[in-house]
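The block underneath contains the structure these notes are about, expressed in structure tokens.
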Number of protein chains: 2
Amino acid sequence: MRIGELAAAAGTTTKALRFYEQAGLLLPPQRTPAGYRDYTDAAVSRLDFVRRGQAAGLTLAQIRQVLEVRDAGQAPCQHVVALLDRRLEDLDAQLAELRTLRNSIAGLRARAGGADERACPEDQVCRYL
Amino acid sequence: MRIGELAAAAGTTTKALRFYEQAGLLLPPQRTPAGYRDYTDAAVSRLDFVRRGQAAGLTLAQIRQVLEVRDAGQAPCQHVVALLDRRLEDLDAQLAELRTLRNSIAGLRARAGGADERACPEDQVCRYL
DNA sequence: ATGAACCTTCCAGTGCAGGGGAAGGTCAAC
DNA sequence: GTTGACCTTCCCCTGCACTGGAAGGTTCAT
């Protein structure tokens, strides 16, 4: 399987695949005599895993760590669970932050009312912010 | 007022202030004969505005636009209100997205249970993701 | 034999908001 | 008269996940 086919199968681009290889997410595949990358089907499921990790909001560096554990022959499950737990914590923190921000912006917006046009005080840029 | 004093007064760094000037957020100040930047107190309240904008999650580019309107002698209030409205929409979208993500990760985590150590299937990286 | 469609490497840039540090000028105090 | 703290410009670096393009090699169909 050449890089273009793999990209099509995984729903990504050849550029991204070369980048993944250089980033340690894809193992360097066999090469044809001409130097073309020659992938096996395993690369497709590996990329599926990468995409599931990304969908879970993991960084490529975190996904790579999981893959490295797996490639070393160990079960990465414990590691994966720890990542999920940390991700949940981060998400909860981020959600709390965004909710606070939303409230304070909504407050500003309410204070501004109907966007009337009286000029702001001279010593200030805008009284609505 | 020299740049170091202004930075201290505004709770930021000289690096950031030079960057703001180059980015069009701070007007180029007078210079002393030696070439030092010499700010007036107006710079402090301008920086306060910048910080309030940042606290509201606006980008420096958006804040700069508001400042440009103000510097042109117009009241930027309408503009500010529009920015706040867009920011609210974006925040709501982002919150919805994060909530969805949180749910799906919580689902994965629940499926993983107590992080037990049975190996993942051979053809898969980890059954928990 | 030639053109399209693929592939290779390498270099550079994107957006965001600055930070790091070099090389050199200036100002006040001791 | 020199130390130390400040200032100047300059250019590169960070993180993240790629993307774009140049210059050149390969494969396949016509």
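Everything numeric in this text was worked out from a predicted model, so none of it was measured. Every chain is numbered from 1 and lettered A, B, ... according to where its sequence line falls, protein lines coming before strand lines.
Ion pairing between D71(A) and R46(A) holds under the 4.0 Å rule for side-chain N and carboxylate O. Looking at R102(B) and D92(A), a side-chain N of the basic residue comes within less than 4.0 Å of a carboxylate O on the acidic one, giving a salt bridge. Using a cutoff of 4.0 Å between basic side-chain nitrogens and carboxylate oxygens, R109(A) and D85(B) are scored as salt-bridged.
In this structure, CE of M1(A) is placed 15 Å from C1' of dC6(C), rounded to the nearest angstrom. A straight line from OH of Y39(A) to P of dC7(C) spans 10 Å, rounded to a whole angstrom. Atom-to-atom, CG of L6(B) to C1' of dT8(D) comes out at 16 Å; the value is rounded to the nearest Å. Counting to the nearest Å, the P atom of dC11(D) and the CD atom of Q22(B) are 12 Å from each other. The distance from atom CG of L17(A) to atom P of dC6(C) is 15 Å, rounded to the nearest whole Å. Here the P atom of nucleotide dC6(D) and the CD1 atom of I3(B) are 13 Å apart, to the nearest Å. The distance from atom CD of E21(A) to atom P of dC7(C) is 14 Å, rounded to the nearest whole Å. One atom, OH of Y36(B), and another, P of dA28(C), lie 9 Å apart when rounded to the nearest Å.
Here the nucleotide nearest the side chain of L60(B), chosen from dG18(C), dC7(C), dC7(D), is dG18(C). For R31(B), taking side-chain heavy atoms from C-beta onward, the closest of the listed nucleotides dG18(C), dT9(C), dT8(D) is dT8(D). Of the candidates dT27(D), dG19(C), dC7(D), dG19(C) carries the atom nearest the A16(B) side chain, counting heavy atoms from C-beta on. Closest to the side chain of K15(A), out of dG18(C), dC18(D), dG20(D), is dG20(D).
Using a 4.0 Å heavy-atom cutoff across all strands shown, T32(A) reaches no nucleic acid atom at all. Base contact: R18(A) has a heavy atom under 4.0 Å from a base atom.
Residues L17(A) and L26(A) share a closest heavy-atom pair of O-CD1, 3.8 Å.
For dC7(D), neither phosphate oxygen OP1 nor OP2 lies less than 4.0 angstrom from any side-chain nitrogen or oxygen of R37(B). OP1 or OP2 of dC6(C) has not a single side-chain nitrogen or oxygen of T14(A) nearer than 4.0 Å. Between Q62(A) and the phosphate of dC16(D), there is no side-chain N or O to OP1/OP2 separation shorter than 4.0 Å. For the pair R64(A) and dA17(D), the criterion of a side-chain N or O lying under 4.0 Å from OP1 or OP2 is not met.
At most 12 heavy atoms of other shown residues, nucleotides or ligands fall within 6.0 angstrom of atom CG in D41(B).
Summary of the strand contacts: P33(B) and A61(B) both lie near DNA chain C, and taking for each the nucleotide with the nearest heavy atom, the more 5' one is attributed to A61(B).
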